[in-house]
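Model, not experiment: these values are computed from the prediction.
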Amino acid sequence: MNRKYRKTVIAGNWKMNMLASEIKPFMEQLKENLPKVRTCEMVLCTPAVMLPAMIKAGKDCKVAAGGQDVSRYEKGAYTGEVSASQLADIGAKYCIVGHSERRQYHGEDDMLINAKVKALLGKGIMPIICVGESLEQREMNLTMEYVAYQVKAALSGVDASQLRRCIIAYEPIWAIGTGKTATAGQAQEVCQGIRAVIRGIYGARPARAVSILYGGSMNARNAYELLAQPDIDGGLIGGASLKPVDFSEIIKATNQE
Ligand code: PEP
């Protein structure tokens, strides 16, 4: 982390878990365990139907709400989709884009992800752009090449003032939901590489200011070491974000110099 230049963000991705009725008890437990001094921005990304309940319950603990996906389209005959205007209208501040589960199960490609990033930016929602390699790509030494391509594609046509509202999440696919975490060194290497890619496009200042998160089996035990890395500015957390105590421990791990 480098709090002098950028925001630290701990974002939970609830995926298709939890019920609206479970949000209040979750928040009460989270509140009990949160540190007095907040050293990060806290976000919970819920299924769209649960966002109103999350926004209401999150106010007390200053937890921002985020979506997990958005339509590339503004409005119209797109049954089942949720637009960026609709997310903004109910008060979502963030939205995950390009999660590997969307890429894998819904065939999302980099062009579509770029369109979604722009749709969100157009409505003032901060995209959390997920990138990351498969195990096969890592073993073939293609990690940085592939991740650099994903970052460039997602940010294509995004200008420097819009970049300030983007968050990148490096999520190696082989570490998501598997219990296998990238070592702090592996995660730092790729996050540093992502910053270098951004520097190459936008220059040193914008690159220094962009928050880059790590995601992939981050938990209360490994968070401190991961967050101690200079280019890891927070976490995108799946499983551990479903347990208020574990989530709060990760939040506490941002309190380091
Ligand atoms: C995720 O889905 O973004 C994620 C990082 O999941 P987990 O923490 O469970 O690996």
Show, in sequence, the C-alpha distance, side-chain angles and deciding distance for I173 and L135, and conclude whether the side chain to side chain contact (heavy atoms under 4.5 Å, CB included) test is met.
CA-CA 7 Å; I173 299 169; L135 188 57; over 6 Å; no
Is there a side chain to side chain contact (heavy atoms under 4.5 Å, CB included) between E32 and V245? Walk through the geometry before answering.
CA-CA 9 Å; E32 268 174 38; V245 175; over 6 Å; no
Walk me through it: do F247 and N33 pass the test side chain to side chain contact (heavy atoms under 4.5 Å, CB included)?
CA-CA 9 Å; F247 193 55; N33 288 284; over 6 Å; no
Apply the test side chain to side chain contact (heavy atoms under 4.5 Å, CB included) to residues V43 and V63: give CA-CA distance (whole Å), side-chain angles for both, the deciding distance (0.1 Å), then the verdict.
CA-CA 5 Å; V43 185; V63 174; 5.8 Å; no
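When only modelled atom types and interatomic distance are considered, W174 and E136 share no side-chain donor-acceptor pair under 3.5 Å. Side-chain contact check for S83 and S71: no donor-acceptor pair (N or O, by modelled atom type) lies under 3.5 Å.
No single ILVMFWY cluster, assembled from side-chain heavy atoms under 4.5 Å apart, contains both I128 and I125. Residues Y146 and L112 do not share a hydrophobic cluster, clusters being chains of Ile/Leu/Val/Met/Phe/Trp/Tyr side chains in contact below 4.5 Å. Grouping the Ile, Leu, Val, Met, Phe, Trp and Tyr side chains by contacts below 4.5 angstrom, directly or via other members, places M16 apart from L242. By the criterion of side-chain heavy atoms lying less than 4.5 angstrom apart, applied directly or through intervening Ile, Leu, Val, Met, Phe, Trp or Tyr residues, Y170 is grouped together with V210 in one hydrophobic cluster. I237 and M126 are assigned to two separate hydrophobic clusters, defined by single-linkage of ILVMFWY side chains at heavy-atom distances under 4.5 Å.
Nearest heavy-atom pair, A65 versus I55, reported as atom, atom and distance to 0.1 Å: CB-CG1, 3.5 Å. Shortest non-hydrogen contact noted between V70 and A84 is CG2-N, 3.4 Å. The heavy-atom pair separating P127 from V117 by the smallest distance is CG-CG1, 4.0 Å. The minimum heavy-atom distance linking C61 with R38 is given by the pair O-NH1, 3.0 Å. Closest approach of I251 to C40, counting heavy atoms only: CG2-SG, 3.8 Å. Here the closest non-hydrogen pair linking V158 and Y202 is O-OH, 2.7 Å.
Inter-residue side-chain proximity for K123 and E74 is flagged as met; some heavy-atom pair is nearer than 4.5 Å. Looking at I23 and M27, their side chains come closer than 4.5 Å, going by heavy atoms from C-beta outward. Put simply, the side chain of Y214 reaches to within 4.5 Å of the side chain of P172, judged on heavy atoms. Two residues are said to be in side-chain contact when any heavy atoms from C-beta on lie closer than 4.5 Å; Q137 and E145 fail this criterion. Considering only heavy atoms from C-beta on, V82 stays 4.5 Å or farther from D69 through its side chain. Using a 4.5 Å heavy-atom threshold, the side chains of M218 and T181 count as separate. Here the side chains of P230 and M1 are not in contact, with every heavy-atom distance at 4.5 Å or above. You'll find the side chain of I232 stays beyond 4.5 Å of the side chain of L213, heavy atoms only.
Once rounded to the nearest 0.5 Å, the distance linking SG of C166 with CD1 of I129 reads 4.5 Å. In this structure, the separation between CD on E225 and CD on Q256 is 10.0 Å, given to the nearest 0.5 Å. To the nearest 0.5 angstrom, I212 atom CD1 is 7.0 Å from R6 atom CZ. Between the CG atom of D60 and the CD atom of E28 there is a distance of 9.0 Å, given to the nearest 0.5 Å. Atoms NZ and CG, on K36 and L34 in that order, are 10.5 Å from each other to the nearest 0.5 Å. Here the CG-CG distance, from L227 to N255, works out to 11.0 Å after rounding to the nearest 0.5 Å.
Panel note: side chain S217, backbone A175; a donor-acceptor pair is recorded below 3.5 Å. The closest donor-acceptor contact from the side chain of H106 to the backbone of E108 lies at 3.5 Å or more, if one exists at all. No donor-acceptor pair closer than 3.5 Å links the side chain of R103 to the backbone N or O of V131. In this structure, N114 contributes its side chain and S156 its backbone to a donor-acceptor pair below 3.5 Å. A distance-only check finds no donor-acceptor pair linking the side chain of Q29 to the backbone of P244 [under 3.5 Å]. Side chain of Q68 to backbone of N13: no donor-acceptor contact under 3.5 angstrom is found. In this structure, E22 contributes its side chain and L19 its backbone to a donor-acceptor pair below 3.5 Å. Using modelled atom types, no side-chain atom of R102 and backbone atom of V97 make a donor-acceptor pair closer than 3.5 Å. With R195 contributing its side chain and A209 its backbone, the two residues share no donor-acceptor pair below 3.5 Å.
Within a 6.0 Å sphere centred on OH of Y78, other residues, nucleotides and ligands contribute more than 12 heavy atoms. For R3, the CZ atom counts as densely surrounded, since its 6.0 Å shell holds more than 12 non-hydrogen atoms of other residues, nucleotides or ligands. Shown here is R164, whose CZ atom has no more than 12 heavy atoms of other residues, nucleotides or ligands within 6.0 Å. Counting non-hydrogen atoms of other residues, nucleotides and ligands closer than 6.0 Å to CD of Q162 gives a total above 12. Around NZ of K15, the count of heavy atoms belonging to other residues, nucleotides or ligands within 6.0 Å exceeds 12.
With respect to the salt-bridge test (charged N to carboxylate O, under 4.0 angstrom), the residues K62 and E41 do not qualify. Remark: K152 does not engage D110 in a salt bridge, criterion side-chain N to carboxylate O under 4.0 Å. Between E249 and K252 a salt bridge is recorded (basic side-chain N to carboxylate O distance below 4.0 Å). Looking at K7 and D233, no side-chain N of the basic residue comes within less than 4.0 Å of a carboxylate O on the acidic one, giving no salt bridge.
Ring orientation note: the planes of W14 and F26 are nearly perpendicular, at an angle over 60° on the 30°/60° scale.
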